[in-house]
Student: 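Let me begin by handing over the structure; questions about it come next.
Lettering of chains follows the sequences in order, A, B, ..., and the numbering in each one begins at 1. On a predicted model such as this, the values are computed, not experimentally measured, just so you know.
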Amino acid sequence: MNFQKKRCVAMLLAGGQGTRLYVLTENTAKPAVPFGGKYRIIDFPLSNCVNSGIDTVGILTQYQPLELNEYIGNGQPWGLNRSHGGVQVLPPYARSKKSEWYKGTANAIYQNIKFIERYDPDNVLILSGDHIYRMDYAKMIKYHEEHDADITIAVRKVPMEEASRFGIMNTNPDGSIYEFEEKPKQPKSNNASMGIYVFKWSILKQFLIADEEDPKSENDFGKNIIPAILNSGHKLFAYDFEGYWKDVGTISSLWEANMELLGTDPEFNLYGDGSAPIFARNYALPASYIDVHSKNVNCLIAEGCEVYGSVKHSIVSTGCKVSKDVVLEDAVIMPNTVIEEGVIIRNAIIGEGCTVRSGAVIGGSFREGDKRQIAVVGKDHVIEKNQVVKPGEII
Amino acid sequence: MKNVMGLVFANIYDSSLGQLTNKRTQASLPYGGRYRQIDFTLSNMANAGIRHIGIVTQYNFQSLMNHIGSGEEWDLEIGEGGLEFITPYSMGATNTFRGKLEAIAAASDSYIARGKEEYVILADAAVVCAIDLEKVMDAHIASGKDVTVVVKEGIANGSKQLDLAVRMDENGEISEMAVDYAAPEDYLASMGMFIMRKDLLRKSAEECVSHNRYRFEREFILRDWDEGVLSVGAYCFDEVALFNESTEEYFRNNLAIIDRNIRHSLYREGLTIYTKVRDQVPVYYGENSEIDDCIVADGCILLGSAFNSVFFRGVKLSTGASVKNCVVMANCEIGIGAQLEYCILDKDVKINAGVKLIGTMEHPVILNRGDVV
């Protein structure tokens, strides 16, 4: 087929199992987990692509892809329903002789070399599907091209005492990377990789093929591809990013990131400066009704809700019902959940489509100085009348 | 209902809605926090499986076209049929349509005849309701009548002028019919919705227009029924139907959806109301906000207090501002300490800090689009 050349194609790794989100990813791929009242995690990197002028995105799926596939659809909500490019969901190939799962992040891209080649791109942008942030990739690609880099890796400064939890890039004064250390015990710097890479496609392709031929390789970007390219004397640059960025791969980080949307000057402002909106698939729901007895304080409530109870420092997602005498505090309620009368929910995440019957108590208060325990209820659960879900309990 | 096409009249009551329809059709009047009135009409048709809809419009239709676009929100863009705008000039007429019959006659060959459907449903966007049109169609077929008009009880009150009103006998047959009449309470008001065979509509419209008759209700339905050449049945709709034919009705009915029963009748299972999608952030309620009995659409930032009001998308309500019994359209900004009662704020209105505006239920204060006070 004859396709027009693209300057940059984005490949979004959405295949992670998300085991640290427990019940929330039981039947849902991590990038499809609801976030911030009306979004799903994948809306953030996808919107970043659109806002950066990238119109060709491959989404690599593996575990529980059904909901994610349906959510992405033809890409219309993100303006990615294009005849040339647009968004494509790329599950592992079912080839004529063998059907192969993606063995690792690098193998996922390797299996889709043909997809990328159709666009003959100069660069390929590799993204993760489990980060909340707003970033102009165009600036990073410009930096990459200006430095004639083979790989540019986005990094952000983390506190030195936490640096041993990350992949650390040690750089020269000009920004070039001389060393990459995965979770170093004694970190030399605090430039943590954000899992966002711009590769020169010619170089990446060459190393993907070589990596695939190495039976000992784990076929992983961080463990194999990047060290191999670095060790063969290619040019790697670090690109400093200063805005908000959060890996929402754990229950506590997912809860925190939701809470960080709250306030008149939130840590992560969903509005931004208006130039880079976050797009999402919108459903046909009426505007929300807020009853006379409700009390909503410092919270986000999405459309299609009916709120009769009190919502404090919480997120209530699209299509929820919060009945009379309900108390929500420090809670994340995912879409289409019904909370019946008198329920108390504190420090908790309630999955999509749940019913919490009257009088139930989920989670508990948080005392300053203690470790915060987040109670979690998985998708489509029914919590029975007067049932108690203890702080930190996951069901 | 593949066998039915829709015909929607977008400008019917423009003139009685004053400044609200200065720059838009009645069909594109905002309603219910995130809708335009025509969303209900189009969704009712789309939900009944109608896939071929013509929208007749002649003035101020830019905002309407912009709202409806290709019709994809209603799944109407698919293949042949879909959605079409019928304007005087696109139909080769040299003047605006004087009435529905002229519009129908003008579109008869070029548009109405084109589809394969045998039936047509005519409607306007003045009456907001969620109606199962398949039921209406079934009743029409069962009745064997030439025309079925959808009617509503409890609207006629002796003072409201009705386009068409009917009185029924004990057998459910129409015994009396009146047009442009402030009918007494025992009349049923036409909801402006009619079902009939397409060939009958085309033939009748062409004949009427050739005799210089252009008023649909008066010069076709009533006249032919009176002369005994047209059989007309009535379908009584028993859910909520809100007639927005004047500014006062529009204001009252916008606030009406705050009522649970009305809201739940308009948003019923299986009768989803579709509208143009916008990417707006969920509503933020501030630390000291006090929002009671309100309808709130996405994108609002509410820091002040509000009671019995409707907020469309993207409204900013500042700290200390108070809003009571108001309809606040998209992207309005209400400054610190401002006080509003019984107001309609059209889109993009800015109320400066401390401003006080008080209207009444019968005479709300109306601010035009983009006004700064």
Student: Count the heavy-atom pairs under 4.5 Å between each of A:C305, A:S294, A:A280 and chain B, then report the option with the highest count.
Tutor: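 Of the candidates given, the most pairs with chain B belong to A:A280.
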
Student: Please classify the contact of A:I278 with chain B as side chain, backbone, both or neither, using a heavy-atom distance under 4.5 Å.
Tutor: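 Only the backbone of A:I278 comes within 4.5 Å of chain B.
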
Student: Could you name the residues of residues 258-281 of chain B that have a heavy atom within less than 4.5 Å of a heavy atom in chain A?
Tutor: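 Counting heavy atoms that sit under 4.5 Å from chain A, the residues of residues 258-281 of chain B involved are B:I258, B:R260, B:R263, B:H264, B:Y267, B:T272, B:I273, B:Y274, B:V277, B:R278, B:D279, B:Q280, B:V281.
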
Student: Near A:E70 CD, under 6.0 Å, is it more than 12 heavy atoms from other residues, nucleotides or ligands?
Tutor: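 No, because the 6.0 Å sphere around CD of A:E70 holds 12 heavy atoms or fewer from other groups.
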
Student: Quick one: which of A:K295, A:E306, A:Q76, A:H293 has the most heavy-atom pairs under 4.5 Å with chain B, could you say?
Tutor: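 That would be A:E306.
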
Student: With chain B as the partner, which of A:V297, A:L270, A:I290 has the greatest number of non-hydrogen pairs under 4.5 Å?
Tutor: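 Most pairs with chain B among the choices: A:I290.
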
Student: Go through B:D293 and A:Y289 one step at a time and tell me if the side chain to side chain donor-acceptor pair (under 3.5 Å) criterion holds.
Tutor: CA-CA 7 Å; B:D293 254 341; A:Y289 170 68; 2.2 Å; yes

Student: Taking non-hydrogen atoms and a cut-off under 4.5 angstrom, which of residues 324-336 of chain B neighbour chain A?
Tutor: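 Against chain A, none of the residues of residues 324-336 of chain B fall inside the cut-off of heavy atoms under 4.5 Å.
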
Student: Side-chain contact, heavy-atom cut-off 4.5 Å: A:I301 with A:N296?
Tutor: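 Yes, at least one pair of side-chain atoms sits under 4.5 Å.
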
Student: Does any N or O in the side chain of B:S289 come within less than 3.5 Å of the main-chain N or O of B:Y285, such that one atom is a donor and the other an acceptor?
Tutor: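 Not at all, since once roles are kept as given, no pair shorter than 3.5 Å links the two residues.
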
Student: Going by distance alone, is a donor N or O of one side chain under 3.5 Å from an acceptor N or O of the other, for B:H67 and B:D39?
Tutor: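 Per modelled atom types, B:H67 and B:D39 side chains form a pair under 3.5 Å.
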
Student: What part of A:Y39 is in contact with chain B, defined as an atom under 4.5 angstrom from a non-hydrogen atom: side chain, backbone, both or neither?
Tutor: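 For A:Y39, side-chain heavy atoms alone lie under 4.5 Å from chain B.
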
Student: Start with the C-alpha distance between B:Y31 and B:F40, add both sets of side-chain angles, then the distance that settles ring pair (Phe, Tyr, Trp, His ring centres under 6.0 Å), and finish with yes or no.
Tutor: CA-CA 10 Å; B:Y31 187 80; B:F40 288 83; 5.8 Å; yes

Student: Could you tell me if A:W255 and A:N347 have a donor-acceptor pair between their side chains, going purely by distance under 3.5 Å?
Tutor: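 A:N347 vs A:W255: no donor-acceptor pair found between side chains.
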
Student: Kindly indicate, with the supporting measurements, whether the criterion salt bridge (charged side-chain N to carboxylate O under 4.0 Å, His left out) is fulfilled by A:K38 and A:E303.
Tutor: CA-CA 8 Å; A:K38 64 173 278 192; A:E303 276 180 337; over 6 Å; no

Student: Using non-hydrogen atoms and a limit below 4.5 Å, what part of residues 316-343 of chain A faces chain B?
Tutor: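 Within residues 316-343 of chain A, the residues under 4.5 Å from chain B are A:K321.
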
Student: With side chains defined as the heavy atoms from C-beta onward, is the minimum distance between A:P31 and A:F44 less than 4.5 Å?
Tutor: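 A:P31 does not reach A:F44 side chain to side chain.
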
Student: Taking the basic N atoms (NZ, or NE/NH1/NH2) and the acidic carboxylate oxygens, is any pair closer than 4.0 Å for A:K246 and A:E260?
Tutor: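 Here A:K246 pairs with A:E260 in a salt bridge, since their nearest N and O are under 4.0 Å apart.
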
Student: Are B:R24 and B:D346 ion-paired here, with the side-chain N under 4.0 Å from a carboxylate O?
Tutor: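 Answer for the salt bridge query: yes.
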
Student: Determine whether the side chains of B:Y284 and A:N298 contain a donor N or O and an acceptor N or O closer than 3.5 Å.
Tutor: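 Present: a donor and an acceptor within the cut-off.
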
Student: Please report whether the ring centroid of A:Y71 lies less than 6.0 Å from that of A:W78.
Tutor: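 That pair passes the under 6.0 Å test.
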
Student: Please look at A:P277 and chain B and tell me whether the side chain, the backbone, both or neither of the residue comes under 4.5 angstrom of a heavy atom of that chain.
Tutor: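 Contact with chain B involves no heavy atom of A:P277 at all.
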
Student: Okay, side chain of A:N258, backbone of A:L254: is any donor-acceptor separation there less than 3.5 Å?
Tutor: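 Side chain of A:N258 to backbone of A:L254: a pair is present.
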
Student: How about B:N66 and B:L64: do any of their side-chain heavy atoms sit closer than 4.5 Å?
Tutor: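 Counting from C-beta outward, B:N66 and B:L64 never come under 4.5 Å.
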
Student: Give a yes or no answer on whether the side chain of A:R134 reaches the backbone of A:A276 with a donor-acceptor pair at less than 3.5 Å.
Tutor: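 Such a contact is found between A:R134 side chain and A:A276 backbone.
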
Student: Between B:E287 and A:K312, does any side-chain N to carboxylate O distance fall below 4.0 Å?
Tutor: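 Answer for the salt bridge query: no.
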
Student: Which of these, B:L20, B:V128, B:L29, B:V127, sits in a side-chain contact (heavy atoms from CB on, under 4.5 Å) with B:N244?
Tutor: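 Per the side-chain contact (heavy atoms from CB on, under 4.5 Å) rule, the option paired with B:N244 is B:V128, out of B:L20, B:V128, B:L29, B:V127.
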
Student: Counting only non-hydrogen atoms closer than 4.5 Å, does A:P77 touch chain B with its backbone (N, CA, C, O), its side chain (CB onward), both, or neither?
Tutor: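 Backbone only.
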
Student: Any ion pair linking A:E67 and A:K379 (charged N to carboxylate O, less than 4.0 Å)?
Tutor: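 So A:K379 pairs with A:E67 through a salt bridge.
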
Student: Report, in residue-number order, which members of residues 295-315 of chain B are under 4.5 Å from chain A by heavy-atom distance.
Tutor: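 Within residues 295-315 of chain B, the residues under 4.5 Å from chain A are B:I295, B:V296, B:A297, B:D298, B:G299, B:C300, B:I301, B:L303, B:F307, B:R313.
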
Student: Give me the atom names and distance for the closest heavy-atom approach of A:Y133 to A:L127.
Tutor: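 That would be OH-CD2, 3.8 Å.
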
